[in-house]
Student: 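Here you go, one structure.
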Amino acid sequence: MRNLLFSVVITSLAILSPRTLQADDAGARAIIEAAIERNGGEKRLAKAKGTSSKIKGSVQVNSIPVPITGDIASHGGTRQRISVALSIDGQAVAFVSVVNQSEGWRKIVDNTVEMTADELIEAKASAYSAHVQTLIPLRDKAFELTSFGEREVGGRKVVGITVTHEGRRPINLFFDKENYRLLRTEMTVRDETTFKEVPEESTMSDFKEFNGIPRATKITVKRNGQLYADLEVEDFKTSETVDETLFAKP
């Protein structure tokens, strides 16, 4: 259960190598500007430095769906807290994962331990992915944006960009060509069972507005093309300031 829940967030994702990648260009940045405008606008999104979601659904463990419920909070790309309850053989097992900048912890039931180096890398990648998806940070020139044209996701035409940043894994973002909703993300993750890096994709659907910001309420996660998680977002909130107590050691 090492990294089991790091990819449960609309932040567990995978990269596929596009064939027609172009250099950082005005087109890629225009896509981000359109997405900002159509997904709540600059004023709302600029205040959304932190996000929190209430989720339910299931994750696959040895090809068996395990029900989960929980909460996920992220802030600024360096902090994330995942608190969930898994139902295993009819019993609820509490799991908490916290990354706070350069430190990370895991708590299973009443046992709290420091993250291993590999676990911390994955937790940081999850927090970074959540940060990228708030869109406003991508205006920073530290992010290199490259476009790779049109594709199709769930029968919808999408425009795609790859986001790269020094010291970070690339992330592909696919936006609906009509309304600029984020319909899919892709990157690589380290599988907790094989300990190998694998491609993972998250597909988003059933959007609902939360305080003026459209958010997917259904997320399907696949690893190597196989179902990994089915999730439903029951509530979504944003915050402008960080609540340090959320990211304290469990």
Side-chain angles (χ1 to χ4, degrees), residues 1-16 51-74 80-99 104 106-111 113 115-116 118-119 121-123 125-127 129-130 133 153-156 171-172 174 181-208 210 215-236 250:
M1 196 156 42
R2 293 159 50 83
N3 297 344
L4 179 60
L5 297 163
F6 298 145
S7 57
V8 168
V9 181
I10 62 274
T11 75
S12 357
L13 307 171
I15 179 117
L16 301 178
T51 63
S52 60
S53 301
K54 185 177 292 292
I55 63 166
K56 67 178 181 180
S58 65
V59 294
Q60 297 288 316
V61 178
N62 297 324
S63 299
I64 299 173
V66 175
I68 66 167
T69 58
D71 301 276
I72 300 168
S74 299
Q80 188 173 72
R81 176 188 176 91
I82 300 173
S83 176
V84 299
L86 299 87
S87 179
I88 301 177
D89 294 331
Q91 292 187 328
V93 178
F95 178 92
V96 179
S97 167
V98 177
V99 58
R106 293 183 304 118
K107 181 180 179 181
I108 301 176
V109 190
D110 295 321
N111 184 32
V113 296
M115 287 185 183
T116 66
D118 287 336
E119 288 169 343
I121 289 171
E122 295 306 308
S126 177
S129 175
Q133 292 177 61
V153 172
R156 303 284 297 179
I171 300 177
N172 285 346
F174 297 84
R181 302 287 187 262
L182 182 61
L183 298 188
R184 179 171 291 169
T185 61
E186 300 173 341
M187 64 180 288
T188 55
V189 298
R190 187 173 184 269
D191 186 85
E192 70 275 353
T193 57
T194 65
F195 309 113
K196 295 180 180 179
E197 288 193 353
V198 296
E200 183 174 280
E201 68 176 35
S202 291
T203 302
M204 283 74 82
S205 61
D206 290 13
F207 284 77
K208 176 183 176 182
F210 296 89
R215 194 72 174 182
T217 60
K218 290 188 178 180
I219 304 171
T220 300
V221 183
K222 291 183 177 180
R223 283 188 177 177
N224 273 339
Q226 301 299 312
L227 180 63
Y228 180 74
D230 260 326
L231 303 171
E232 181 178 339
V233 177
E234 297 183 297
D235 193 21
F236 173 78

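All values derive from a computational prediction rather than experimental measurement. Keep in mind that the numbers below use all heavy atoms, side chains included, and drop hydrogens, waters and symmetry copies.
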Student: Could you tell me the separation between the CG atom of L231 and the OG1 atom of T69, rounded to the nearest 0.5 Å?
Tutor: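 These two atoms lie 11.5 Å from each other.
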
Student: Can you list the residues that meet the salt bridge (charged side-chain N to carboxylate O under 4.0 Å, His left out) rule with D230, with sequence neighbours excluded?
Tutor: none

Student: For the residue pair A229 and V59, what are the closest heavy atoms and their distance?
Tutor: CB-CG1, 3.9 Å

Student: Nearest 0.5 Å please: distance from the OG1 atom of T217 over to the CZ atom of F236.
Tutor: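 Interatomic distance, T217 OG1 to F236 CZ, rounded to 0.5 Å: 12.5 Å.
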
Student: Which of these, V98, T51, V99, sits in a side-chain contact (heavy atoms from CB on, under 4.5 Å) with Q80?
Tutor: V99

Student: By the salt bridge (charged side-chain N to carboxylate O under 4.0 Å, His left out) test, which pairs, at least two apart or in different chains, include something from residues 55-71?
Tutor: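 Residue pairs passing salt bridge (charged side-chain N to carboxylate O under 4.0 Å, His left out), neighbours aside: K54-D71, K56-E234.
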
Student: State, with a plain yes or no, whether a side-chain heavy atom of K196 is found less than 4.5 Å away from one of D191.
Tutor: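 Answer no - side chains too far apart.
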
Student: Suppose we screen for side chain to side chain contact (heavy atoms under 4.5 Å, CB included). Which residues come up paired with S63, at least two apart in sequence or across chains?
Tutor: none

Student: What's the shortest heavy-atom distance between I171 and S129, and which atoms?
Tutor: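 The answer is CD1-CA, 3.9 Å.
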
Student: According to side chain to side chain contact (heavy atoms under 4.5 Å, CB included), who are the partners of L182, at least two apart in sequence or on a separate chain?
Tutor: Q133, L173, F175, T185, M204

Student: Mind checking salt bridge (charged side-chain N to carboxylate O under 4.0 Å, His left out) for R81 and listing every partner two or more places apart, or none if nothing turns up?
Tutor: none

Student: Got a second to check how far F95's CZ is from K107's NZ, nearest 0.5 Å?
Tutor: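 Going from CZ on F95 over to NZ on K107, the span is 12.0 Å.
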
Student: Hey, does I68 have a side-chain heavy atom less than 4.5 Å from the side chain of S87?
Tutor: no

Student: Suppose we screen for salt bridge (charged side-chain N to carboxylate O under 4.0 Å, His left out). Which residues come up paired with K218, at least two apart in sequence or across chains?
Tutor: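 Scan of K218 (salt bridge (charged side-chain N to carboxylate O under 4.0 Å, His left out), adjacent residues dropped) gives D206.
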
Student: Can you tell me how far CZ of R223 sits from OG of S202, rounded to the nearest 0.5 angstrom?
Tutor: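 Rounded to the nearest 0.5 Å, the OG-CZ separation comes to 9.5 Å.
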
Student: Can you measure from OG1 (T116) to CD (E122) and round to the nearest 0.5 angstrom?
Tutor: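 With rounding to 0.5 Å, OG1 (T116) is 9.5 Å from CD (E122).
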
Student: Which residues pass the side chain to side chain contact (heavy atoms under 4.5 Å, CB included) test with P65, sequence neighbours left out?
Tutor: S58, Q60

Student: Can you see whether R106 engages S97 through a side-chain donor-acceptor pair at a distance of less than 3.5 angstrom?
Tutor: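 On atom types as modelled, these side chains do not qualify, holding no pair under 3.5 Å.
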
Student: Less than 4.5 Å apart, side chain to side chain, heavy atoms only: is that true for R190 and I121?
Tutor: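 A side-chain contact is absent here, since even the closest heavy-atom pair is not under 4.5 Å.
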
